[in-house]
Amino acid sequence: MPLSLRLSIADTLTLGNATCGFMAVYFTTTGILIPHLTGSQESGMARHSAATAVILMLCAAVFDLFDGLVARKLRSSPMGAELDNLSDLISFGLAPAYFVLVYGMVADDAHQRVAAVGAIVVLLAVVLRLARFSCVTMKDGMFQGMPSPFGALTVVSIVLLELPFVATLLAILGTAWLMVSRVEYPKPRGRLAVAMLSWIVVSMGLLAAWAFDAPSGQLLLQTGCALQLVTGAVIPLFATARRVNNFRDNRREARAAQLP
């Protein structure tokens, strides 16, 4: 095959990312939306399907984490960057946006059309974020804006918290804004990558406990979702504080340089 059409190991992991995103949409449709529309929805089945869909998004995040690591250690095909963006759009754009849309259709206090607007905002935020990532060169080790995997998991965490509809919508819009903002987020490398992988495994366990109605499963899931939201809110604060400190240090150095 021509070199431009050969898939590397990293590209195979990227395709696994896309597959997980598509299957998340599938389980959201067959386990939550269709039973709701046909009037045959059971809370247990809906809970299992929701947990499965989110676990698949978490698996997509694992694939996304490892395809970058493998590409740096081995190699990626000329299609690698494009495959990565397209797969991220499915798993961290379409899948969470569709999750929000279905939430707006099945939740008792939700407004379907307003939820659809929120879903569109999430999808467009991921599209813009991925497009900017391809065009803007950042300093090594940093992302500009909340990374799309982290944003997708934050969005579904907001939905799973089962907050009042207005609070849910505002939190989702805030997450979408962070994805297109100029706030800097560290890239998951070294210890941070290990911490992220550990958090994904813990999240899968919390979702499984909730899906199988384990004792305190609901409380454990809500605690995990709350921690995801707190982390998403705290990182921008640290980034802002660091920018302020750097600005102050630069002013002090400038004033010191002007002194005789």
Side-chain angles (χ1 to χ4, degrees), residues 7-33 45-74 76 80-81 83-103 122-123 126 129-130 143 146-160 175 179 185 187-189 192-212 214 217 220-221 224-225 227-229 231-232:
L7 295 177
S8 65
I9 298 176
D11 297 333
T12 305
L13 294 174
T14 303
L15 294 178
N17 171 5
T19 302
C20 288
F22 175 77
M23 293 305 296
V25 173
Y26 169 79
F27 278 100
T28 303
T29 303
T30 58
I32 303 175
L33 180 59
M45 183 178 67
R47 188 168 60 248
H48 287 163
S49 298
T52 302
V54 178
I55 287 174
L56 284 165
M57 294 184 212
L58 289 167
C59 290
V62 173
F63 279 119
D64 185 62
L65 176 65
F66 278 101
D67 69 359
L69 296 176
V70 171
R72 286 191 291 271
K73 292 293 184 180
L74 302 177
S76 178
L83 286 175
D84 189 58
N85 276 349
L86 292 172
S87 298
D88 286 354
L89 179 59
I90 296 172
S91 299
F92 311 125
L94 176 62
Y98 187 71
F99 199 80
V100 172
L101 178 65
V102 172
Y103 154 75
V122 170
L123 179 62
V126 174
R129 198 236 172 277
L130 293 174
F143 286 121
M146 179 183 285
S148 52
F150 194 88
L153 298 180
T154 303
V155 167
V156 297
S157 296
I158 294 167
V159 174
L160 292 176
T175 304
M179 283 192 280
Y185 284 76
K187 291 184 177 180
R189 295 178 180 175
L192 186 58
V194 174
M196 180 179 175
L197 184 61
S198 301
W199 174 242
I200 289 174
V201 173
V202 170
S203 299
M204 289 180 178
L206 296 177
L207 285 162
W210 174 66
F212 290 100
L220 289 173
L221 178 69
C225 292
L227 287 175
Q228 177 74 26
L229 266 67
T231 304

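Counting from 1, the numbers follow the sequence of the chain as shown. What you are looking at is a predicted structure, and each value in this text was computed from that prediction instead of being measured.
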Can you name the nearest heavy-atom pair linking [X] to [Y], along with the distance?
X      : Y      : result
Ala18  : Ile90  : O-CG2, 3.8 Å
Ser49  : Gly31  : OG-CA, 3.0 Å
Met179 : Arg129 : O-CG, 2.9 Å

Could you walk me through whether Val100 and Val155 satisfy the side chain to side chain contact (heavy atoms under 4.5 Å, CB included) test, starting with their C-alpha distance in whole Å, then the side-chain angles of each, then the deciding distance to 0.1 Å, before giving a yes or no? CA-CA 8 Å; Val100 172; Val155 167; 3.4 Å; yes

List the steps and the verdict of side chain to side chain contact (heavy atoms under 4.5 Å, CB included) for Phe212 and His48. CA-CA 7 Å; Phe212 290 100; His48 287 163; 4.3 Å; yes

For the atom pair [atom1] ([X]) and [atom2] ([Y]), what is the distance rounded to the nearest 0.5 Å?
X      : Y      : atom1 : atom2 : answer
Leu220 : Leu207 : CG    : CG    : 11.0 Å
Leu153 : Phe92  : CG    : CZ    : 7.0 Å
Leu160 : Leu206 : CG    : CG    : 11.0 Å
Leu15  : Ser87  : CG    : OG    : 6.0 Å
Lys187 : Leu192 : NZ    : CG    : 12.5 Å
Leu130 : Leu89  : CG    : CG    : 6.5 Å

Would you say that Trp199 contacts Thr231 through its side chain, given a criterion of any heavy-atom pair below 4.5 Å between the two side chains?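 No, every pair of side-chain atoms sits at 4.5 Å or beyond.
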
Side chain to side chain contact (heavy atoms under 4.5 Å, CB included) with Phe22: which residues, sequence neighbours excluded?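 If we apply the side chain to side chain contact (heavy atoms under 4.5 Å, CB included) test to Phe22, skipping adjacent residues, there are no hits.
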
Once side chain to side chain contact (heavy atoms under 4.5 Å, CB included) is applied, do any residues pair with Ala209, and if so which ones, sequence neighbours excluded?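 Only Ala214 meet the side chain to side chain contact (heavy atoms under 4.5 Å, CB included) criterion with Ala209.
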
Could you list the donor-acceptor pairs under 3.5 angstrom formed between side-chain atoms of residues 53-66 and any protein atom two or more places apart in sequence or on another chain?
none

Side chain to side chain donor-acceptor pair (under 3.5 Å) partners for Thr154, two or more places apart: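 Listed in chain order: Gln228.
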
Partner set under side chain to side chain donor-acceptor pair (under 3.5 Å) for Asp67, not counting sequence neighbours: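 By the side chain to side chain donor-acceptor pair (under 3.5 Å) rule, Asp67 matches Thr14.
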
Sequence neighbours left out, what pairs pass side-chain hydrogen bond (donor to acceptor under 3.5 Å, both in side chains) with at least one residue falling in residues 91-100?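 Matches after skipping sequence neighbours: Asn17-Ser91, Thr29-Tyr98.
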
